[in-house]
K.L.:
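Have a look at the structure that comes next, please.
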Amino acid sequence: MCQAGEDYAGPARREPPPVPRPRVCFKAFYVHKFRAMLGKNRVIFPGEKVLLSWSGGPSSSSMVWQVLEGLSQDSAKRLRFVPGVIYVDEGAACGQSLEDRQKTVAEVKRILENTGFPWHVVALEEVFSLPPSVLCCTSQESAGTEEAYKAAVDRFLQQQQQQQQRVLGAEAGASPAQGEARLHPSHGREPSGTAGYPTAAQTEALSRLFSSIKTLTAKEELLQTLRTHLIVHIARVHGYCKVMTGETC
């Protein structure tokens, strides 16, 4: 209720604006959520090989950066799985020319080599040469229980201790830099590369397949299905136990 004699001519009282959250705090919170997701779910066991599906977009790039940070020597709690990265060249489905695709693949290779992870660059046309077994689900162990996870952690720690003891025993007279490099190998690297460039017949067949589809939604669903089948096949061939995508992070 208004009171007589109140002065309304003065400036209105305003609340101070909220203090923006510093970028450092946001980064720490972001990293914590990623680590907590892996730690609480216990989907990935220590020592397992995990294939990171990287498309060059913000989500998958953030995923690869998180894994890089988690495996660095400065990390408080280092990740315990062995990562690899795969990139699927989808230029034929997008109507890119051969020259543009070659430039993109060359840039992708340069970026993947800088990660230090094993990497694989495959063309989407390779789905035509996949075996029928890619459509079959592999039999999974009843992993995921607390006892199985603890057993995997114990095996991983024992392997690390044995490796460190062998290195310290064999390299007692080595320089400090050499000893540090042997104590912390670069994530179990393996030969990387491409599975060969697709043939012109494969590229034409893929282009006709996507041209025959009328709606954009159907094309996106087909692209997602073919990409998934190809990534799963590469993961099985190279011994990866899990596949991680940007949508899961």
Side-chain angles (χ1 to χ4, degrees), residues 49-65 67-68 81-138 187-249:
K49 295 179 64 176
V50 179
L51 187 60
L52 311 178
S53 177
W54 180 70
S55 64
S59 298
S60 59
S61 298
S62 173
M63 173 189 64
V64 174
W65 175 84
V67 176
L68 279 169
F81 60 84
V82 182
V85 186
I86 183 172
Y87 174 84
V88 179
D89 176 20
E90 304 169 357
C94 303
Q96 288 184 341
S97 63
L98 180 60
E99 182 180 358
D100 291 339
R101 294 180 65 183
Q102 290 176 343
K103 290 180 180 179
T104 302
V105 169
E107 181 67 16
V108 165
K109 290 180 181 179
R110 184 187 65 81
I111 295 174
L112 295 181
E113 287 174 354
N114 291 335
T115 64
F117 296 156
W119 53 270
H120 313 271
V121 176
V122 294
L124 189 63
E125 291 93 320
E126 294 181 29
V127 296
F128 293 113
S129 58
L130 293 182
S133 59
V134 74
L135 301 177
C136 302
C137 296
T138 58
H187 320 313
R189 290 203 60 176
E190 63 183 15
S192 307
T194 60
Y197 218 71
T199 63
Q202 290 177 328
T203 302
E204 184 180 357
L206 187 66
S207 300
R208 288 199 307 267
L209 176 62
F210 277 89
S211 299
S212 64
I213 301 175
K214 303 304 180 182
T215 65
L216 181 60
T217 302
K219 289 184 179 181
E220 291 178 350
E221 291 179 355
L222 175 62
L223 179 61
Q224 178 68 24
T225 301
L226 297 180
R227 185 196 303 122
T228 301
H229 288 170
L230 187 56
I231 292 174
V232 169
H233 173 70
I234 296 298
R236 291 175 179 174
V237 169
H238 293 275
Y240 291 95
C241 302
K242 304 288 192 314
V243 174
M244 188 182 296
T245 62
E247 295 84 357
T248 60
C249 300

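Here, residue 1 is the first one in the sequence, and each next residue gets the next number.
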K.L.:
For a quick test of reading the model, state the closest non-hydrogen atom pair linking A123 to L230 and the distance between them.
P.N.:
O-CD2, 3.3 Å
K.L.:
Quick one: do K103 and E99 satisfy side-chain contact (heavy atoms from CB on, under 4.5 Å)? Show the steps, please.
P.N.:
CA-CA 6 Å; K103 290 180 180 179; E99 182 180 358; 3.7 Å; yes
K.L.:
If you measure from OG1 on T115 to CH2 on W65, what distance do you get to the nearest 0.5 Å?
P.N.:
15.0 Å
K.L.:
Can a salt bridge be assigned to the pair R101 and E107 using a cut-off of 4.0 Å between side-chain N and carboxylate O?
P.N.:
no
K.L.:
Take Y87 and V122 through the side-chain contact (heavy atoms from CB on, under 4.5 Å) test and state the conclusion after the steps.
P.N.:
CA-CA 6 Å; Y87 174 84; V122 294; over 6 Å; no
K.L.:
Are the side chains of W119 and V108 in contact, using a 4.5 Å heavy-atom criterion?
P.N.:
no
K.L.:
Spell out, as yes or no, whether a donor-acceptor pair under 3.5 Å connects the side chain of S62 to the backbone of P58.
P.N.:
no
K.L.:
What distance separates F81 CZ from L52 CG, expressed to the nearest 0.5 Å?
P.N.:
6.5 Å
K.L.:
Ignoring hydrogens and geometry, is there a side-chain-to-backbone donor-acceptor pair from Q224 to E221 under 3.5 Å?
P.N.:
no
K.L.:
Once salt bridge (charged side-chain N to carboxylate O under 4.0 Å, His left out) is applied, what residue pairs with a partner in residues 201-215 remain, sequence neighbours excluded?
P.N.:
E204-R208
K.L.:
Taking atom CD of E125 and atom CD of E90, what is their separation to the nearest 0.5 Å?
P.N.:
10.5 Å
K.L.:
Which pair of heavy atoms, one from P118 and one from P83, lies closest together, and at what distance?
P.N.:
CD-O, 3.3 Å
K.L.:
When rounded to the nearest 0.5 angstrom, what distance separates CG in L51 from CZ in R236?
P.N.:
12.5 Å
K.L.:
Please report the C-alpha distance between L98 and T203 in whole Å, then the side-chain angles of each, then the deciding distance to 0.1 Å, and finally whether the side-chain contact (heavy atoms from CB on, under 4.5 Å) criterion is met.
P.N.:
CA-CA 10 Å; L98 180 60; T203 302; over 6 Å; no
K.L.:
Could you go through the side-chain contact (heavy atoms from CB on, under 4.5 Å) check for L222 and F210 one step at a time?
P.N.:
CA-CA 8 Å; L222 175 62; F210 277 89; 4.1 Å; yes
K.L.:
Is there side-chain contact between L206 and L226, with at least one heavy-atom pair below 4.5 Å?
P.N.:
yes
K.L.:
Write down the atom of M63, the atom of G246, and the distance for their closest heavy-atom approach.
P.N.:
SD-N, 3.9 Å
K.L.:
So, using salt bridge (charged side-chain N to carboxylate O under 4.0 Å, His left out) as the criterion, who are the partners of E220 when residues are at least two apart?
P.N.:
none
K.L.:
Determine whether a donor-acceptor pair (N or O, by modelled atom type, separation under 3.5 Å) exists between the side chain of K49 and the backbone of A235.
P.N.:
no
K.L.:
First locate atom NZ of K109, then atom CD1 of I111, and finally report the distance between them rounded to the nearest 0.5 Å.
P.N.:
13.0 Å
K.L.:
Between atom OH of Y240 and atom NE2 of H120, what is the distance when rounded to the nearest 0.5 Å?
P.N.:
3.0 Å
K.L.:
Which heavy atom of G91 sits nearest to which heavy atom of D89, and what is that distance?
P.N.:
N-OD1, 3.1 Å
K.L.:
Can we say R110 and E113 salt-bridge, meaning some charged N sits less than 4.0 Å from an Asp/Glu carboxylate O?
P.N.:
no
K.L.:
Answer with yes or no whether the side chains of S60 and S55 bring together a donor and an acceptor at under 3.5 Å.
P.N.:
yes
K.L.:
If you look at every heavy atom in M244 and V50, which pair is closest and at what distance?
P.N.:
CB-CG1, 4.1 Å
K.L.:
What is the minimum heavy-atom distance between S53 and T245, and which atoms define it?
P.N.:
CB-CG2, 4.0 Å
